[in-house]
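Attaching a single structure in structure tokens format; questions to follow.
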Protein chains: 2
Amino acid sequence: MAKTKDENTEEQILVAAKTVFQTKGMDGARMQHIADEAGINKAMLHYYFRSKQLLFEAVFNQAFSLLAPQLNIILNDESSIEDKVKNFTVNYTTFMMKHPYLPNFIIQELNRNEDFIVKLKENTGFPNLDKFKAQVDAEINDGLLNPIDADQLFVNIIALNIFPFLGKPLIKAFTNKDEQDYETFVESRKTEVANFIINSIKPH
Amino acid sequence: MAKTKDENTEEQILVAAKTVFQTKGMDGARMQHIADEAGINKAMLHYYFRSKQLLFEAVFNQAFSLLAPQLNIILNDESSIEDKVKNFTVNYTTFMMKHPYLPNFIIQELNRNEDFIVKLKENTGFPNLDKFKAQVDAEINDGLLNPIDADQLFVNIIALNIFPFLGKPLIKAFTNKDEQDYETFVESRKTEVANFIINSIKPH
DNA sequence: ATCTTTGTTAACCAAATGGTTAAACTATAC
DNA sequence: GTATAGTTTAACCATTTGGTTAACAAAGAT
């Protein structure tokens with residue numbers, strides 16, 4: 001084969017590494033596997049990223065920086081809590097259906113190495129709950145919402161939206177759904193989850 | 001050292017393997033680490049369990065058989081949906097606070113190897129949703145519950161209860177809680193989550 | 001043209017890892 | 001006590017794995 005210089009080997013490596021790390025995890029991933037996936041020599045991985053650890057961190061940070069803006073929909077948007085819940089649920093689910101390995105990857109690796117989150121918190125753009133909490137408290141005060149702790153509400157919203165992607169194999173087994181059924185099921189959660197939450201927090 | 005025969009080496013191995021597999025996962029666990037944890041020679045692991053894979057499966061099946069009965073509280077109990085949600089939430093959270101690595105371990109390994117769930121489904125005692133679904137539909141028909149798909153409700157209940165144990169590092173970071181705060185937070189979910197769900201599904 | 005920098009490869013290496021083995025030890029049956 | 005079966009250990013082994021190296025190719029600078 002002719003050895004034409006590739007436009008961007010580094011990018012190819014990142015794409016391949018993302019695929020392998022997100023499906024196998026840090027411990028299960030193999031450098032040779034990533035090289036094969038990228039169609040390049042294994043030494044290139046070290047040439048561009050020095051070590052498995054640094055390549056992993058590049059992939060992880062990229063993944064996290066994809067997730068963070070999604071959360072800011074619910075944290076820093078100007079609309080009412082009700083609208084934010086509706087928007088977040090449909091946006092987040094749509095986004096995750098396109099990146100189904102992302103939530104599990106992040107959760108899994110943060111559990112494997114808790115120190116990891118410390119570095120993330122130092123980054124600007126790390127999701128901050130202050131505004132959301134103030135807004136929840138204000139809307140409760142105005143009688144627009146039933147009393148609820150803002151942290152609890154936040155966790156409930158996240159839980160209901162993320163869990164279908166984390167627990168997919170388990171849910172599929174419990175509910176006897178095949179791949180197609182499951183997609184339909186998740187699709188319908190785009191409105192179902194928002195209704196469920198709003199029904200609970202809004203006075204009638 | 002005197003070589004007195006230990007009462008039950010096999011049990012010691014299982015305990016050590018549980019600790020190591022649940023914190024490191026299949027790929028991250030090392031046979032030597034398990035042997036050290038159990039205070040025995042590495043060859044003993046193979047003497048009693050033949051291979052890493054079989055030892056892992058023994059640990060995994062034991063873990064899953066601990067989880068399944070918890071789910072049957074909400075699936076096969078005779079009380080009303082409202083009471084079941086209340087009981088399940090408090091029981092499940094109490095149980096998981098004692099076994100905090102369990103949910104993540106099961107979720108992670110099921111995502112790593114989807115074939116795994118097939119073997120589990122063959123077991124008797126694998127959670128079955130039929131009764132729960134029939135009951136939800138009946139209570140909706142009687143006007144005791146707002147209309148909701150039983151599968152969706154089931155996933156919502158599970159999600160709200162499990163997620164605090166899966167996403168602990170993430171939630172701790174977002175909500176700026178230390179270990180002590182987090183325990184208090186989870187403790188208060190024992191009633192908070194049930195109220196949140198019932199508020200949503202019960203007509204007022 | 002040729003020198004230098006950058007990119008790429010095949011071959012290699014040391015350490016780690018799951019697994020095996022042969023010998024030794026323990027308890028029990030006879 | 002000694003034969004027998006089960007248990008435990010240290011040493012060993014083959015393979016895998018992350019990482020290195022030295023030679024080589026391509027492109028740009030002079």
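Residue numbering restarts at 1 for every chain, and letters A, B, ... go by the order of the sequence lines.
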Checklist entry - Whole-Å distance between dT20(C) P and Arg50(B) CZ? => result 8 Å

Checklist entry - Quick one: are the ring centres of Phe56(A) and Phe21(A) less than 6.0 Å apart? => result yes

Item to check | Earlier contact from the 5' end, DNA chain D, for Asp27(A) and Ala43(A) | outcome: Asp27(A)

Next on the checklist: Rounding to an integer number of Å, can you tell me how far Gln32(B) CD sits from dA10(D) C1'?
Outcome noted: 12 Å

Next on the checklist: Tell me whether Thr89(A) contacts the main-chain N or O of Lys86(A) through its side chain, where contact means a donor paired with an acceptor under 3.5 Å.
Outcome noted: no

Checklist entry - Given side chains that start at C-beta, do those of Leu14(A) and Phe49(A) come closer than 4.5 Å, heavy atoms only? => result yes

Next on the checklist: If I take atom CD in residue Glu11(A) and atom C1' in nucleotide dG7(C), what distance separates them, rounded to the nearest angstrom?
Outcome noted: 17 Å

Item to check | Nearest-angstrom distance from the residue atom CZ of Phe49(A) to C1' of dG7(C) | outcome: 14 Å

Next on the checklist: Taking any heavy-atom pair under 4.0 Å as a contact, classify Met31(A): base, sugar-phosphate, or nothing.
Outcome noted: sugar-phosphate

Checklist entry - To the nearest angstrom, how far is Ile40(B) atom CD1 from dC25(C) atom P? => result 20 Å

Next on the checklist: Test your reading of the model: is there a side-chain donor-acceptor pair from Gln135(B) to the backbone of Ser79(B), 3.5 Å cut-off?
Outcome noted: yes

Next on the checklist: Over all strands shown, is Ala35(B) touching base, sugar-phosphate only, or nothing at heavy-atom distances under 4.0 angstrom?
Outcome noted: nothing

Next on the checklist: Is the distance from the ring center of Phe60(A) to that of Phe105(A) below 6.0 Å?
Outcome noted: yes

Item to check | Length of the CG-C1' vector between Asn41(B) and dG18(C), whole Å | outcome: 14 Å

Next on the checklist: If you only use heavy atoms from C-beta on, which nucleotide in dG18(D), dA10(C), dT8(C) is closest to the side chain of Tyr47(A)?
Outcome noted: dT8(C)

Next on the checklist: Counting distance alone, no hydrogens or angles: does the base of dG19(D) have a donor or acceptor under 3.5 Å from a partner atom on the side chain of Lys52(A)?
Outcome noted: no

Item to check | Given dG18(C), dT8(D), dT9(C), the nucleotide with the shortest approach to the side chain of His46(B) | outcome: dG18(C)

Checklist entry - Has Thr9(A) got a side-chain N or O lying under 4.0 Å from the OP1 or OP2 atom of dT8(C)? => result yes

Checklist entry - Once you round it to whole Å, what is the distance between C1' of dT16(D) and NZ of Lys42(A)? => result 10 Å

Checklist entry - Considering only dT17(D), dG19(D), dT17(C), which nucleotide approaches the side chain of Arg30(B) most closely? => result dT17(C)

Checklist entry - Over how many whole Å does the gap from His33(A) atom NE2 to dT16(D) atom C1' extend? => result 15 Å

Checklist entry - So what does Tyr48(A) hit on the nucleic acid, given a heavy-atom distance under 4.0 Å: a base, only sugar-phosphate, or nothing? => result sugar-phosphate

